[in-house]
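Computation of the quantities below employed the complete heavy-atom set of this structure, encompassing side-chain atoms and omitting hydrogens, waters and symmetry-equivalent molecules.
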Amino acid sequence: MDKRTTSLKRAEQTAGGIAERLLSWYERNKRRLPWRNTADPYAIWLSEIMLQQTQVEAVIPHYRRFLERFPTLEDLARSPLEEVLKAWENMGYYSRARNLHAASRRIVDLHAGRLPENPDELKALPGIGPYTSGAILSMAFGKAVPAVDGNVKRVLCRLFAVDSPLSDGATQRFITALAEKLVPAERPGPFNSALMELGALLCRPGIPQCPDCPLRSNCLGYAGNCQNRLPVAGKKAKRPDKEAGAAILRDSKGRFFIVRRPADGFLGGLWKFPGGMLHPGETVTDALKSRCREELGISISVKDHLMTLQQFYSHFRLTLHVFSGTIQEGGPLSPAAGNRLWASPADIRKYPFSRVELRILDALFI
DNA sequence: AAAGCGGGGGG
DNA sequence: CCCCCAGCTTT
């Protein structure tokens, strides 16, 4: 019989015992997390979006602040995107905020303000994929569907000694099939949370804490002493180095000239200081003048070097040279006035910025 | 299937 | 330096 078929059969046969021991362990060892105290589908949805590729400890303060600022789905839907991005500031992956906002409006318009309870309608909402759909359905609506995140993939790879690369689509489908066999009809939400909690607390990347594991007797990885080598990762992409310039342009009143980034691109919708990437062989001064000319239609002169910052992003590493400067000609507020403005030191932190701009403001004591 | 998309924690 | 993190969307 096919190896994966055997594993699926094994999953089906052992599912009951696994769920029982895992849930028992979970009740005794689970962390107290803010989103575990609510039954509000909106709050659960919000937590799952925030937790995408983001560690629990980093999410907690943002989650509390966000719910305080937008207590209900309706509050979120009727607020401007700018305020949602401000609440998302410093969390990264800002498309999550844009999608959350867009989805909230769609839910109000098409679903009477309530999150839909079927997978197809959920996954049709922007920002909700297979994992988040499963998490909402099981945790908010009690449906017996899996929620397969990075933790669950790692746990199941070890539990069933899956040694094919996780980057492979077929492996991912197989893991999901295993999870479907395991998720119980009773308490599917806590079961999914428990599987993730096991991955976060014991079955961690690298060397897992097998002696404490409630599923050790079921674990084929432990039995074969290959748990430390699983899961098998795919190949990783190298991050290129990039260089950019930013110009701090102030008017006679001391206000800062800031520009809003395009809505759907890198750090989309957030504000920045004018400037951009250096082309090969270009000096910072030339790049600043050219990018301001090309993107804003303004002519600037570049004065003093203020600072140089390094910022790491998911797919490249940026060195950002920050210079002061002045606007020579070209009315900065026309024609695209909606995407550029003068911000006073008292007002500037009301606009959403990414991490690197916040570091510049900090360094300038603004 | 691969790339684009942030920021932070930990080894 | 590396890895990983309660992933999704676009190409």
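- Taking the P atom of each, C:dA6 and B:dG11 are spaced 15 Å apart, rounded to whole Å.
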Original post:
So what is the 5' to 3' dot-bracket string for DNA chain B, if pairs are Watson-Crick or G-U wobble with both distances under 3.5 Å, crossing pairs use [ ] and | means the partner sits on another strand?
Top reply: |||||.|||||
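- Ring pair A:Y63/A:W35: centre-to-centre distance below 6.0 Å.
- Ring centroid separation for the pair A:F257 and A:W342 comes in under the 6.0 Å cut-off.
- As a whole-Å value, the separation of A:Q310 CD from C:dC1 C1' is 13 Å.
- Residue A:V56 is classed as a base contact, given a heavy-atom separation below 4.0 Å to a base.
- Distance A:I44 CD1 to C:dA6 C1': 13 Å, rounded to the nearest Å.
- Between A:F316 and A:Y313, the gap from one ring centroid to the other is short of 6.0 Å.
- Note on A:K181 versus A:E12: salt bridge recorded, some NZ/NE/NH1/NH2 to OD/OE distance being below 4.0 Å.
- Rounded to whole angstrom, the span from the CD1 atom of A:I207 across to the P atom of C:dC3 amounts to 17 Å.
- In this structure, the OH atom of A:Y131 is 12 Å from the C1' atom of C:dC5, given to the nearest Å.
- As a whole-Å value, the separation of A:R154 CZ from C:dC4 C1' is 8 Å.
- Salt bridge annotation for A:E83-A:K86: absent, with no cationic side-chain nitrogen under 4.0 angstrom from a carboxylate oxygen.
- Across the P atoms, B:dG6 and C:dT11 are found 15 Å apart, a figure rounded to whole Å.
- Looking at A:R293 and A:D286, no side-chain N of the basic residue comes within less than 4.0 Å of a carboxylate O on the acidic one, giving no salt bridge.
- When the side-chain nitrogen and oxygen atoms of A:K238 are compared with OP1 and OP2 of C:dC2, one or more of them lie within a distance under 4.0 Å.
- Taking atom C1' in both B:dA1 and C:dC5, one finds a spacing of 22 Å when rounded to whole Å.
- Under the salt bridge (charged side-chain N to carboxylate O under 4.0 Å, His left out) test applied with A:D163, the options A:R229, A:R4, A:K3 reduce to a single match, A:K3.
- Under 4.0 Å is where a charged nitrogen must lie from a carboxylate oxygen, and between A:E357 and A:R261 at least one such pair does.
- C:dA6 atom C1' lies 5 Å from atom CG of A:L51, rounded to whole Å.
- As a whole-Å value, the separation of A:L230 CG from C:dC4 P is 13 Å.
- Atoms NZ (A:K153) and C1' (C:dG7) sit 8 Å apart, rounded to a whole Å.
- In this structure, A:T132 reaches the sugar-phosphate backbone alone: every heavy-atom distance under 4.0 Å involves primed, P, OP1 or OP2 atoms, never a base.
- Between A:R317 and C:dC2 there is no side-chain polar atom (N or O) within less than 4.0 angstrom of OP1 or OP2.
- Judged by distance alone, with hydrogens and angles left aside, the side-chain atoms of A:T54 form no donor-acceptor pair with the main-chain N or O of A:L51 at under 3.5 Å.
- Residue contacts for A:W35: at a heavy-atom cut-off of 4.0 Å it reaches a base atom on one of the strands shown.
- A salt bridge between A:E74 and A:R105 is absent, with no side-chain N of the basic residue lying under 4.0 Å from a carboxylate O of the acidic one.
- Atom name C1', nucleotides B:dC5 and C:dC1: the rounded distance is 22 Å, in whole Å.
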Original post:
In B/S/- notation, 5' to 3', how is nucleotides 2-11 of chain B contacted by protein heavy atoms closer than 4.0 Å?
Top reply: --SBBBBS--
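- No donor-acceptor contact under 3.5 angstrom links the side chains of A:D120 and A:N118, judged on distance only.
- Salt bridge status for A:R96 with A:E48: absent, with no side-chain N to carboxylate O gap under 4.0 Å.
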Can you give me the N/O atom pairs linking the protein to nucleotides 9-11 of chain C at distances under 3.5 Å, or say none if there are none?
unit_1: C:dT9; atom_1: OP1; unit_2: A:G127; atom_2: N; d: 2.6

